[in-house]
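What follows is a single structure, written as structure tokens, with notes after it.
Side-chain atoms are counted along with the backbone in the values below, which use heavy atoms only and exclude waters and symmetry mates. This one's a predicted model, so the numbers in the text were calculated from it and none came from an experiment.
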Amino acid sequence: MNNKNDQEKQIRVWCDGCYDMVHFGHANSLRQAKALGDVLIVGVHTDEEIAKHKGPPVFTQEERYKMVRAIKWVDHVVEGAPYVTTLETLDKYQCDFCVHGDDITVTADGIDTYHLVKEAGRYREVMRTAGVSTTDLVGRMLLLTREHFKRGDKEYSVALEHSSNLGTDSTARSPYTGCSQFLPTTQKIIQFSSGLSPKPTDRVVYVAGAFDLFHVGHLDFLEEAHKQGDFLIVGLHTDLEVNRYKGSNYPIMNLHERVLSVLACKYVHEVVIGAPYSVTADLMDHFRVKVVCHGLTPTVLDADGSDPYTVPKQRGCFKVLNSGNTMTTDDIVQRIIRHRLEFEVRNSRKEQKEVAITKALQKGHIKLNGDCEHTTKAAS
């Protein structure tokens, strides 16, 4: 085949959004978008644009740019993308069409952010991931509840048991801000998985942790761990284990959600779901682990008082990594708590407007075009 012709036939896909507190819902949207073409270009809005149209973002634009670049399906990131997607933007980056989720998305002035590309026939839609949103995650942090992880016969019941103006569960009033229910399936894990196995000659690296509210601190650590070998395996601790060593209402994201968030990272090849807290000889032998890494955060002892890294230390294959990034999940939670009132106002206003537009849509008073009068932005 002619390589030049192959390149010319490539379908280039455009996505854009805020991508604040990047989670597996964002990643799943981008995965679906990439499946519609060959090259995925993702535009990320500035802090100023987001504050104007929907309220303060949790993460800075630099942090958000970095997080989106690390999603395995993303080929290129455009910084400071315009809030309203234009044909000029698509043409500038040689994109055939724009892809977005099937949720409401308009500017602060009530203009459908995709009306231009829709009218030109250069718009495609994918399904929004039910059961997760940035608004919901913010709500979990502020409410300090433990309902997002379950015990015993409720382990796989992911919907929360109460609601508030933070729109955190299936009883919330808005179908977009409100979080319905995340239903984990093997198919979803397969879709996110690389499907790769280490080659006999690969140097296998193992790290373990909670990786809760997957953020740039995790990202920089995994990038550094990835450099230590050829195949990176991440062990994820159960919700109850994380709660043992973190306390409070941690983890903010349950095990199912954390698995998909980590699998979406381009540096990760495989995940061990519900990994033992102590790295055992059996685990290392089974996965042929050559090096076990840990960051600079203090190591909490196992429930029996033992060092969880005793075995890799005895084998001489334990390594402490300095990623150069000191951000922790606690830091993210503290950001939210410091700006609690701002986020509560933002979430309440967002939900009220979504409820109003949903009712109007149901009554047929409006349609999703440049005349609609509501305010949200997807990929929030």
- prompt: Do Glu257 and Asn254 get their side chains close enough for a donor-acceptor pair, meaning under 3.5 Å?
  reply: yes
Near Lys290 NZ, under 6.0 Å, is it more than 12 heavy atoms from other residues, nucleotides or ligands? no
**Item:** Cys98/Cys15 under side-chain contact (heavy atoms from CB on, under 4.5 Å): CA gap, chis, key distance, verdict
**Value:** CA-CA 6 Å; Cys98 169; Cys15 286; over 6 Å; no
Report the C-alpha distance between Thr329 and His215 in whole Å, list the side-chain angles of each, state the deciding distance to 0.1 Å, and finish with yes or no for side-chain contact (heavy atoms from CB on, under 4.5 Å). CA-CA 8 Å; Thr329 300; His215 53 69; 3.5 Å; yes
**Prompt:** Checking His115 side chain against Asp112 main chain: does a donor-acceptor pair fall under 3.5 Å?
**Reply:** yes
Rounded to the nearest 0.5 Å, the CG atom of Leu40 sits from the CD1 atom of Ile11 at a distance of 12.5 Å
Margin query: Starting from Leu255, can I reach Val272 by hopping between I/L/V/M/F/W/Y residues whose side chains sit under 4.5 Å apart?
Written below: no
**Study point:** Heavy-atom donor-acceptor pair, Asp220 side chain to Asn325 backbone, under 3.5 Å
**Key:** no
Closest non-hydrogen atoms of Leu87 and Leu116, given as atom of the first, atom of the second and distance, are CD2-O, 4.2 Å
- Is the backbone of Phe192 close enough, under 3.5 Å, to the side chain of Lys72 for a donor and an acceptor to pair up by distance? yes
- Query: Is Arg288 paired with Glu270 through a side-chain N to carboxylate O contact shorter than 4.0 Å?
  - Reply: no
#### Entry: Arg64 side chain to Val44 backbone, donor-acceptor under 3.5 Å
no
What is the ring orientation for Phe318 with Tyr309, classed by angle as parallel under 30°, tilted 30 to 60°, or perpendicular over 60°?
tilted
Sorted by chain and residue number, the salt bridge (Lys or Arg N to Asp or Glu O under 4.0 Å) partners of Asp38 (sequence neighbours excluded) come out as none
For Thr46 and Gly80 the tightest heavy-atom approach is CG2-CA, 3.6 Å
Flag the pair Ile41 / Val39 as yes when at least one side-chain heavy-atom distance between them is below 4.5 Å, and no otherwise.
yes
By side chain to side chain donor-acceptor pair (under 3.5 Å), Asp91 pairs with (sequence neighbours left out) Arg122
Between Asp47 and Lys52, does the salt bridge (Lys or Arg N to Asp or Glu O under 4.0 Å) criterion hold? Intermediate values first, please.
CA-CA 9 Å; Asp47 296 343; Lys52 174 184 174 183; over 6 Å; no
| request: Could you check whether the rings of Tyr93 and His76 sit parallel, tilted or perpendicular, using 30° and 60° as the cut-offs? | output: tilted
Closest non-hydrogen contact found for Leu232 with Ala225 is CD1-CB, 4.0 Å
query = Can you find a pair of side-chain heavy atoms, one from Thr299 and one from Pro308, that are under 4.5 Å apart?
reply = yes
Review point. Going hydrophobic residue to hydrophobic residue with side-chain gaps under 4.5 angstrom, can you get from Leu260 over to Ile273?
Key: yes
query: Does NZ or CZ of Arg335 lie under 6.0 Å from the centre of the six-membered ring of Phe59, at an angle within 45° of the ring axis?
result: yes
So NE2 of His45 and CD of Gln61: to nearest 0.5 Å the spacing works out to 12.0 Å
With Arg69 as partner, the option from Glu79, Glu62, Glu223 fulfilling salt bridge (Lys or Arg N to Asp or Glu O under 4.0 Å) is Glu79
Query raised in the report: If we only count heavy atoms from C-beta on, is the Lys227 to Leu321 side-chain gap below 4.5 Å?
Result: no
Could you go through Leu296 and Val320, starting from their C-alpha distance and side-chain angles, then the distance that decides it, and tell me whether this counts as side-chain contact (heavy atoms from CB on, under 4.5 Å)? CA-CA 7 Å; Leu296 295 179; Val320 175; 3.7 Å; yes
Between the NZ atom in Lys266 and the CG atom in Leu219, the distance rounded to the nearest 0.5 Å is 8.0 Å
Please check this pair: side chain of Asn243 against backbone of Tyr250, looking for a donor-acceptor N/O pair closer than 3.5 Å.
yes
(Q) Would you say Ile233 ends up clustered with Ile190 if hydrophobic residues are merged whenever their side chains have heavy atoms under 4.5 Å apart, either directly or through other cluster members? (A) no
Would you check if there is a donor-acceptor pair between the side chains of Asp304 and Tyr277 at a distance under 3.5 Å? no
Does Ser261 reach the side chain of Val259, with side-chain heavy atoms less than 4.5 Å apart?
no
All heavy atoms of Asn322 vs all of Gly324, minimum pair found to be OD1-N, 2.9 Å
Distance col, row Gln191:CD vs Asn28:CG, nearest 0.5 angstrom, shows 6.5 Å
Val216 with Val68, same ILVMFWY side-chain cluster at under 4.5 Å | yes
**Request:** Take the angle between the ring planes of His237 and Tyr245 and call it parallel below 30°, perpendicular above 60°, tilted in between.
**Result:** perpendicular
| message | Within the 4.5 Å heavy-atom criterion, are Met284 and Cys317 side-chain neighbours or not? | response | yes
Could you check whether any side-chain N or O of His286 sits under 3.5 Å from a backbone N or O of Leu283, counting only pairs where one atom can act as donor and the other as acceptor? no
Check: Between Val268 and Leu222, is any pair of side-chain heavy atoms under 4.5 Å apart?
Finding: yes
I'd like to know if the side chain of Asp16 pairs up with that of Tyr83 as donor and acceptor (distance under 3.5 Å, no hydrogens or angles considered).
no
query: With no hydrogens and no angle check, is any side-chain donor or acceptor of Asp20 less than 3.5 Å from a backbone partner on Pro57?
result: no
- Are Glu63 and Lys66 close enough for a salt bridge, meaning some N to O gap below 4.0 Å? no
Ring centers of Trp14, Tyr123 separated by less than 6.0 Å: no
Could you tabulate the donor-acceptor pairs under 3.5 Å formed by side-chain atoms of residues 195-214, not counting sequence neighbours?
| unit_1 | atom_1 | unit_2 | atom_2 | d |
| --- | --- | --- | --- | --- |
| Asp202 | OD2 | Lys199 | N | 2.9 |
| Arg203 | NE | Gln228 | O | 2.7 |
| Asp212 | OD1 | Ile252 | N | 3.3 |
| Asp212 | OD1 | Met253 | N | 2.8 |
| Asp212 | OD2 | Ile252 | N | 2.5 |

Check whether more than 12 heavy atoms from other residues, nucleotides or ligands sit under 6.0 Å from atom NZ of Lys313, and answer yes or no.
-> yes
Rounded to the nearest 0.5 angstrom, the CD-CD distance for Gln94 and Gln10 is 10.5 Å
Tightest non-hydrogen contact, residues Gly274 and Thr238, listed as CA-CG2, 3.8 Å
Is the closest side-chain heavy-atom distance between Val42 and Trp73 below 4.5 Å?
no
In short, Ala275 meets Gly235 closest at the heavy-atom pair CB-CA, 3.6 Å
- Give the cluster check for Phe221 versus Val234: same hydrophobic cluster or not, with ILVMFWY residues linked at side-chain heavy-atom distances below 4.5 Å. yes
d(Glu125 CD, Ser29 OG) to nearest 0.5 Å is 10.0 Å
Atom CD of Glu48: over 12 foreign heavy atoms under 6.0 Å: no
Original post:
Taking 4.0 angstrom as the limit, do Asp75 and Arg12 come out as a salt bridge?
Top reply: no
Check against ring pair (Phe, Tyr, Trp, His ring centres under 6.0 Å), His269 and His226:
CA-CA 9 Å; His269 296 97; His226 181 265; 5.7 Å; yes
Subject >> Within-4.5 Å side-chain heavy-atom neighbours: Arg244 and Asp302 >> reply: yes
Exercise. Quick check: are there more than 12 heavy atoms from other residues, nucleotides or ligands sitting under 6.0 Å from NZ of Lys246?
Worked result: yes
